[in-house]
Amino acid sequence: MAIDAVIFDWGGTLTPWHDIDLGDIWRGVCASGLDPDRVEAAATALLDAEQELWRRCRDEHRSGTLDEVFALAGVEPTEALLAAKFDAWTPHTYIDPAVPGLLAELRGRGIRVGVLSNTIWSRDWHERIFARDGVLDLLDGAVYSSEIPYTKPHREAFRAALAAVGATDPATAVFVGDRPYDDIHGAKSAGMRGVLVPNSTVPAWDATPPDAVIGGLDELLPHIDRWSGRRGGR
Ligand SMILES: [Mg+2]
């Protein structure tokens, strides 16, 4: 059976991995949007709140939102703070240059293309980024965990992503991600194939081997073609 859907993780997969100090980000955001005497306490509270949401994601596979981070920290999410937050992340959100061509190749084969991201950001933020980089129109669907109760590796997150691209059979769908547990274990537990694009700083998980390991997204297509029985596939 040919592959009919390929769903990608976002951070560290469609967009290259950067090691980011979340505390530095929050201090910069607060410095540009708050009185100087409030900056340090607010930045610390926002960092603690964000880390609590990521702990919940990691340990309980429950999602969260940026609004929740601000509420938990007791800081009002003003327009100035939100704009500063978006801008602070901008250098880290540019798409891998291989992506537009890869998505076009997949779509040219009649394969549906989607995104499933563990994220506290809104759909609006992610779509602004994808539109800026010229790939929003190449996506058949996307699920951002901020919009659903669960995060990867919860099976419901993968089911939601399959539904978002109109795929009905996980066995003919492939997930591509950089996290062995959240992405590969999660996708394979949901019945999909999993392709790992390793990066250096995510935790290992050896119990669920990926169906393929690639050094970059430019190495993905031959595997898709091989699984589809397509001539020229390796
Ligand atoms: Mg990732």
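A quick note: this is a predicted structure, and the numbers were derived from the prediction, not measured. Whatever order the structure lists ligands and atoms in, that order sets their numbers, starting from 1.
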- What closest approach, in Å, do P180 and L196 show between heavy atoms, and which atom pair accounts for it? N-CD1, 4.0 Å
- Task: Please check if the distance between the ring centroids of Y144 and W121 is under 6.0 Å.
- Result: no
- Below 2.8 Å of the Mg ion (ligand 1), tally up the protein N/O/S atoms for me. 3
- Query: Does the S145 side chain pair with the main chain of S63, one donor and one acceptor, at a distance under 3.5 Å?
  - Reply: no
- Message: For E68 and R56: C-alpha separation, side-chain torsions, deciding distance, then whether salt bridge (charged side-chain N to carboxylate O under 4.0 Å, His left out) applies.
- Response: CA-CA 12 Å; E68 263 188 289; R56 200 170 78 187; 3.2 Å; yes
- V165 and V113 have their tightest heavy-atom pair at CG1-O, 3.6 Å
- Item | Ring centres under 6.0 angstrom apart (W10, Y94) | no
